[in-house]
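These numbers come from the heavy atoms of this one structure, side chains and all, not from hydrogens, waters or symmetry mates. Naming: A, B, ... by sequence-line order, numbering from 1 per chain.
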Amino acid sequence: MSVRPVPRSAVERIDPWRLRIRAFDPSMRSEGRIYASEGLWPAIRDDGSLSQVVDVAGLPGIVGPSIAMPDAHQGYGFPIGGVAATSERDGVVSPGGVGFDINCGVRLLSSGLSAPEVRARLDPLLAAVARRVPVGFDAARDRSVSGHAMDDLLAQGAAWAVRAGWGRAEDLDRIEDRGTFSTADPAMVSARARERGRDQVGTLGSGNHFVEVQAVEAVDDPDAARAMGLVEGGVAVLLHTGSRGLGHQVCTDQLVLMQQAMRRYGIRVADRQLACAPVASEEGRAYLGAMGAAANYAWANRQVLTHLIGEAFLEVFGPLADLSVVYDVAHNIARIERHRVDGRPVPLCVHRKGATRAFPAGHPDLPIGVRALGQPVFIPGSMGTASWVLLGTERALDETWGSVCHGAGRTLSRTAARRGRSAADVLADLAARGVTVHAGSRKGLSEEAPESYKDVDLVVGTVVGAGLALPVARLVPMGVIKG
DNA sequence: ATGTAC
């Protein structure tokens, strides 16, 4: 783990939203850049993520700065809330730049219902969702996927789910990469990973994963909101989950292979958690193939969950409910993308770890359902607090390879959070704020207490202030299902 | 994040 001290003199504030870490050490191949307002800076300055930004700046073939978003906190090798691009030709790819929960991401659904209508039947609705969606350690044995079906799922992602009867074909027009990571290679996914994934398709998991029923509290951009099916006083559903045990096992498997590759290629990095291999090497391609297959698992998972949530709404509200996919973003992923470097388009391996792609309107990589609008970005707050809908900008494309933050960001570790608050206490607080919680475990409630996170409004204020995203709407929770 | 530890 990184313990490198970062001298105060190496850090300078550029403007109210940006700081720069100059290359103060010969190991740094580029600068660091941190997006943080005055108020958010101390949490990053005093956290292990600061030295991780410096470590990542030393990765072979890094192009542009090592970036930390305002929700940054310490992760495995890379900070969570980190963005780094490497040259496809002579740079490396690092599993630590994606994280263990490959294609952890969020999907927003519009409902066509109003907040008073939903509030009147919130308990039966949450019960109907909870009956269909396994949480925590619960599996989905009735949906067991193995053998050739698993190969298809790993190759096709959300498209597999639609073909299997989960949701609508038009949903695919509103998912990053249309829900299919095109260079996925199921052959790179181990038997153990497949076994772990077999009974977890259409399950939520635990930790910060959730299904949240939200009211649209305020709209900043009515036209963009309307194009997303969001109106003030309306109801949306935010779904946050990833690739479950399968993605975790893929990351574990690939880290072992990367450690061997490092020795073979003679690559040296500041921290063994930054294990990596050349993007263009056999090992680099194997990682991206396995990671892509796990990404597809996550997209299939969110697609199946969408269908299950839709069934619950239908049971409670009948044909009044019209659940539609607004968009689905991956916030833990690495991908080869073409970006302008010194005026020329160059293929880069963009690592986004706890960071959301935020491409502007008209970008050719956006699926047709949102291309004219620009990429919707969803920033969940902590449990019981607000979430934001944003749009990507040209400035983000220029400065951060088209990326912004992914959430509020932890300020307390899970263990510290557990010491801080009892589950009953957290539950009572949320009830007092008018938020109903169905929780799978007491431990999860303590870990996810809002005090363990930064203020999401300040985090969003920084990326909006910096011009990386445009605000569209602020959503507040009514009911939440936690793992 | 994770059959929360090979």
From CG of A:Asp199 across to C1' of B:dT2 the rounded distance in Å is 16 Å
A:His248 NE2 to B:dG3 P, in whole Å, measures 7 Å
Per nearest nucleotide of DNA chain B, the residue lying toward the 5' end, A:His209 or A:Arg418, is A:His209
| Below 4.0 Å: OP1/OP2 of B:dT2 and any side-chain N or O of A:Ser206 | yes
Among B:dT2, B:dG3, B:dT4, the one nearest any side-chain atom of A:Phe137 is B:dT4
Margin query: What contact category does A:Arg196 fall into here, base, sugar-phosphate, or nothing, at under 4.0 angstrom with non-hydrogen atoms?
Written below: base
Atom CZ of A:Arg192 and atom P of B:dT2 are separated, to the nearest Å, by 16 Å
Note to self: Atom CZ of residue position A:Arg272 - does it have more than 12 heavy atoms of other residues, nucleotides or ligands inside 6.0 Å?
What the structure shows: no
Whole-Å distance, A:Gln200 CD to B:dT4 C1', equals 13 Å
Q | Pair A:Arg335 + A:Glu88: basic N to acidic O under 4.0 Å | A | no
Separation of B:dG3 atom C1' from A:Arg194 atom CZ, nearest Å, is 19 Å
Between CD of A:Glu195 and P of B:dG3 the distance, given in whole Å, is 12 Å
When rounded to whole Å, the CG to P distance for the pair A:Asp101 and B:dT4 reads 15 Å
Students often mix this up, so state it plainly: with edges at 30° and 60°, are the rings of A:Phe359 and A:His339 parallel, tilted or perpendicular?
perpendicular
Touch class at under 4.0 angstrom, heavy-atom based, for A:Gly242 against every strand present = nothing
* Asked: Under a 4.0 Å N-O cut-off, is there an ion pair linking A:Asp271 with A:Arg4?
  -> no
A:Lys443 has its side chain closest, among B:dT4, B:dT2, B:dG3, to B:dT4
Whole-Å distance, A:Leu255 CG to B:dA5 P, equals 16 Å
Original post:
Counting only heavy atoms not in A:Arg131, do more than 12 sit closer than 6.0 Å to its CZ atom?
Top reply: yes
Result for side-chain contact (heavy atoms from CB on, under 4.5 Å) between A:Val476 and one of A:Glu217, A:Gln214, A:Arg433 points to A:Glu217
*Just by distance, with hydrogens left out, do A:Asn296 and A:Gln156 show a side-chain donor and acceptor under 3.5 Å apart?*
no
**OP:** Report which part of the nucleic acid A:Gly207 touches: base, sugar-phosphate, or nothing (heavy-atom distance under 4.0 Å, all strands).
**Re:** sugar-phosphate
Within residues 293-306 of chain A, those residues having any heavy atom closer than 4.0 Å to DNA chain B are none
